[in-house]
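The structure appears right after this line, and notes come after that.
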Amino acid sequence: MAQTKIADVRAKTPDELQEMLVNLRKEQFNLRFQRATGQLEATGRIKEVRRDIARAKTIMTERVRGSAKQA
């Protein structure tokens, strides 16, 4: 799975973003578990997942702040 583009993340609905975040956190847990047991082959994937989580959380925060400004 390749790194997520910011335009793809912005196009998602809030429910899709939440689901994406849950899936990324599960993947992050699995990657950490593989690293701890010495089974991890794609070490760079940990960094990609961490950044994808940050992207999703950033977009979620932007939307919350944007709706607060309008109200």
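Keep in mind it's a predicted model, so treat the numbers as computed, not measured.
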Please tabulate, for side-chain N and O atoms in residues 7-20, each donor-acceptor pair with protein atoms closer than 3.5 Å (sequence neighbours left out).
{"from": "Arg10", "atom 1": "NH1", "to": "Glu62", "atom 2": "OE1", "distance (Å)": "2.7"}
{"from": "Thr13", "atom 1": "OG1", "to": "Glu16", "atom 2": "N", "distance (Å)": "3.2"}
{"from": "Glu16", "atom 1": "OE1", "to": "Thr13", "atom 2": "N", "distance (Å)": "3.0"}

List the atom pairs, donor and acceptor, that lie under 3.5 Å between side-chain atoms in residues 35-43 and the rest of the protein, sequence neighbours left out.
{"from": "Thr37", "atom 1": "OG1", "to": "Phe33", "atom 2": "O", "distance (Å)": "3.2"}
{"from": "Thr37", "atom 1": "OG1", "to": "Gln34", "atom 2": "O", "distance (Å)": "3.2"}

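Every residue two or more places apart in sequence or in another chain that forms a side chain to side chain contact (heavy atoms under 4.5 Å, CB included) with Lys26 is listed here: Val22.
With respect to Arg51 and Glu48, no salt bridge is recorded, no charged nitrogen being found less than 4.0 Å from a carboxylate O.
In this structure, the side chains of Ile53 and Arg25 come closer than 4.5 Å at one or more pairs of heavy atoms. Counting only heavy atoms from C-beta outward, the side chains of Thr61 and Arg65 approach each other to under 4.5 Å. A heavy-atom distance below 4.5 Å is found between the side chains of Leu21 and Lys57.
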Criterion side-chain contact (heavy atoms from CB on, under 4.5 Å) on Ile59 and Ile6, from CA distance to verdict: CA-CA 9 Å; Ile59 299 303; Ile6 193 69; 3.8 Å; yes
Gln28 and Ile46: CA distance, side-chain angles, deciding distance, side-chain contact (heavy atoms from CB on, under 4.5 Å) verdict: CA-CA 7 Å; Gln28 183 182 38; Ile46 293 173; 5.8 Å; no
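Here Asn30 contributes atom CG and Glu27 contributes atom CD; the two are 8.0 Å apart, rounded to the nearest 0.5 Å.
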